[in-house]
Protein chains: 4
Amino acid sequence: MSENNPRSQPPGRRKIVRSVRKLLETNDFNSITTAEIARTAGVTEGLIYKYFDNKRDLLYHVLETHFNRFITQCEAAIADADTALLKLRAIMHAYLDSYNRHRVFARILLLEVRNAASFFESSAYAEVRRHSRIILGIIKTGIENGEIRDDVAPEAIRDAMFGTIEHSTLASLIFNRPLDADAICERTCRILFDGIRR
Amino acid sequence: MSENNPRSQPPGRRKIVRSVRKLLETNDFNSITTAEIARTAGVTEGLIYKYFDNKRDLLYHVLETHFNRFITQCEAAIADADTALLKLRAIMHAYLDSYNRHRVFARILLLEVRNAASFFESSAYAEVRRHSRIILGIIKTGIENGEIRDDVAPEAIRDAMFGTIEHSTLASLIFNRPLDADAICERTCRILFDGIRR
Amino acid sequence: MSENNPRSQPPGRRKIVRSVRKLLETNDFNSITTAEIARTAGVTEGLIYKYFDNKRDLLYHVLETHFNRFITQCEAAIADADTALLKLRAIMHAYLDSYNRHRVFARILLLEVRNAASFFESSAYAEVRRHSRIILGIIKTGIENGEIRDDVAPEAIRDAMFGTIEHSTLASLIFNRPLDADAICERTCRILFDGIRR
Amino acid sequence: MSENNPRSQPPGRRKIVRSVRKLLETNDFNSITTAEIARTAGVTEGLIYKYFDNKRDLLYHVLETHFNRFITQCEAAIADADTALLKLRAIMHAYLDSYNRHRVFARILLLEVRNAASFFESSAYAEVRRHSRIILGIIKTGIENGEIRDDVAPEAIRDAMFGTIEHSTLASLIFNRPLDADAICERTCRILFDGIRR
DNA sequence: CATGAATGAGTATTCATTCAT
DNA sequence: TATGAATGAATACTCATTCAT
């Protein structure tokens, strides 16, 4: 509780986190310097290391918080969906929409952070996995109640879902093109749900 | 011709390229230094800049050569396939197999290089696009001859193909797990061709 | 009195001193941080500065206490010795034995602390000098009563004593080798008392 | 040869070494920054690391060169001495004289450098040991030809020699007092050669 | 065709210390 | 008597890149 309640955090820490979030809007993480973070936050560089192990640790913290919020929103978005397929559609839409609205985080999550082995040991990645397992559960339920075919592994379905979404997002991210979440969600569902074979 | 014929290349240049290829087997590109490249090649650092604009340029050259070879192999692999779907299956298998056999290049292509804007202006990326267009052509032919449904954009199908393949590869790449190209190809085709709906 | 009676010291202070003593067993002083001292002591860093001017001051305090105890033991060790030479032998043995049993303090005293000018203004060094003067007194007595030759300055004799002892200790300290106090004392006395000339 | 011939060294390297030597005259090594070294040398900081592994490595190099020269002078100084004892006296005088004339190096050698384990793995220390072994040889010869008593280990004699010299030097080094090499040599020889017992 | 000497810009991290409460 | 939040100064080392010869 004290961990999550921002009120209980020392002001300096809050300033640092806010500063990073702000700077990430215009720069990728590697090009942000600790000096810049401190300056923007109005604290000294040293304070960063009082609250975070290192620069990456700080990033992962920001990421975790962000993704945490997303999961909550995502859960809300699928609340109304009755069937497994509708839930999956809602989830895919939530991801696409989030990637589109938070391009900075999308960039970081889909491109920057994956290079570093440390990410996969971070609590931010733990959140990613947590949600991944939730989705796997939905797929399994779909298989059990006969909505989804049972001759492909649930993991394969999840890979196809995320892979397609991410790949569709990547181009627009890289070349800074707009992303039509609705359209991409629709076309992905068509392929994923019913296949491309006529 | 003189560009492609390795025989016509000066020995120093050849040594440098070989050196990079070797070093990439054990290190990711960013952690390789020009000093190391030169040392391994048995030449001086200065020579690198005789033949390449900069370090990245050197990487992109190595990448281009590699991808070039892959395309040739890929083309051969689909020669026997009669239908569009069989061709797509063959292509997917070729990619998966290549990612598995050349994990270093897979890493670089799927993770490292995408961060840098310069990659998307390199001739290595031009090769990637070239092949992408070839595949798009196959999809279109499939649509035209009635093999593939015509209510989804060919680009969407391509995104689903590559996205799924890459996502399936990524985990095994990151966590250094073996990759079963046959199995992943099979399950991807099932989903992609016929959908997950029962 | 209140200075020396540990009972009268505030618990926080005692914890800090104990913490330093403990940490010195495994680390040299410079590599110990105030953060570590506070953590080990279970107090906050700020408290250190309530009781000590700075980190070095803290070290010198610990050193002084240690050396103080040693002097007492040393005095006891020479109580039985009748002649000046026997007293000197007993003192040398006490030093060697102490260096051997308290290697950490030996390191600090013979190596670490001598770099800092501030040490020579500390009360810890005052203790060292005090004992040095006591020993000088013994030498002088020896000269006066005809035991010791009178054509070399007492200071020269003291330098030879300590110099030899320290040099003999240093190697074993640096390379972490065992120290045979008895043997080194014996051989030092032979040389010091009777010379090397046959 | 190319190692030792200063003519064959690149000018930048020579400048760096000269710069360090100069700066050491007024500052102790730790308080000298690489920035300062480079500025004084008129080169960039980076160049330091082309020629030396790190700052300490640079120091050790300077030390080694210095000590090397000293050994040569020392050898010349003992050339005329006929007996082992006379040789030892000449050596002690050479050390004392050198410590007095090169107080900076004396400080470094006797105080600063001994803290660092790395010193004892450096080639500078190898030189120290080399000379130490030479001296040991002289002592052994003295024992063999009956000049020196044979009931104390040669190592003990060496320890007494160096220990006394160093201890005598230390005080004058620390408190910046003049050092009378002749007088200290004389008194040390008296004690060492004939003992303090009347 | 190749060398080798030199550049110069870049930056995260550590730690003792202070001070209001 | 003790906390806890914050400071601020200090610095070695890396590396891609250039260019005269």
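First the proteins, then the strands, lettered A, B, ... as listed; each starts at 1. Owing to the predicted nature of the structure, the values given are computational and were not obtained by experimental measurement.
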- prompt: What residues form a side-chain contact (heavy atoms from CB on, under 4.5 Å) with T44(D), not counting sequence neighbours?
  reply: L47(D)

- prompt: Does S31(B) have any side-chain contact (heavy atoms from CB on, under 4.5 Å) partners at least two apart in sequence or in another chain, and if so, which?
  reply: N27(B), D28(B)

message: I want to confirm an ordering. Mapping S31(C) and P11(D) to their closest nucleotides on DNA chain E, which one lands closer to the 5' end?
response: P11(D)

Taking atom [atom2] of [N] as reference, at what distance in whole Å does atom [atom1] of [X] sit?
X      : N       : atom1 : atom2 : answer
I48(A) : dT14(E) : CD1   : P     : 12 Å
Q9(B)  : dA2(E)  : CD    : P     : 12 Å
R39(C) : dC15(E) : CZ    : P     : 11 Å
I16(D) : dA12(F) : CD1   : P     : 14 Å
Y51(D) : dA12(F) : OH    : P     : 20 Å
R13(A) : dT7(F)  : CZ    : P     : 16 Å
L58(A) : dT13(E) : CG    : P     : 11 Å
F52(A) : dT14(E) : CZ    : P     : 15 Å

task: Apply salt bridge (charged side-chain N to carboxylate O under 4.0 Å, His left out) to E112(B) and list each qualifying residue two or more places apart in sequence or on a separate chain.
output: none

query: Mind checking what makes salt bridge (charged side-chain N to carboxylate O under 4.0 Å, His left out) contact with R114(B), not counting sequence neighbours?
result: E166(B)

query: Which of these, L110(A), L111(A), V104(A), sits in a side-chain contact (heavy atoms from CB on, under 4.5 Å) with I108(A)?
result: V104(A)

- line: Per the 3.5 Å Watson-Crick/G-U criterion and a run length of at least three, the stems involving DNA chain E are E:2-21 with F:2-21

task: Return yes if some donor-acceptor pair links the side-chain N/O of T34(A) with the main-chain N/O of E45(A) below 3.5 Å, else return no.
output: no

message: Nearest heavy atom decides the nucleotide; on that basis, is T44(A) or T44(C) closer to the 5' end of DNA chain F?
response: T44(C)

- prompt: Which residue pairs satisfy the ring-ring contact (aromatic ring centres under 6.0 Å, His included) criterion with at least one member in residues 104-126 of chain A, sequence neighbours excluded?
  reply: Y60(A)-F119(A), H66(A)-F105(A), F119(A)-Y125(A), F120(A)-Y125(A), F120(A)-F175(B)

field: All pairs passing ring-ring contact (aromatic ring centres under 6.0 Å, His included) where residues 39-59 of chain C contributes a residue, at least two apart
entry: F52(C)-H61(C)

field: side chain to side chain donor-acceptor pair (under 3.5 Å) against S122(D), all qualifying residues, sequence neighbours excluded
entry: none

task: Let me have a per-nucleotide readout for nucleotides 16-21 of chain E, 5' to 3', with B, S or -, counting only protein heavy atoms under 4.0 Å.
output: BBBB--

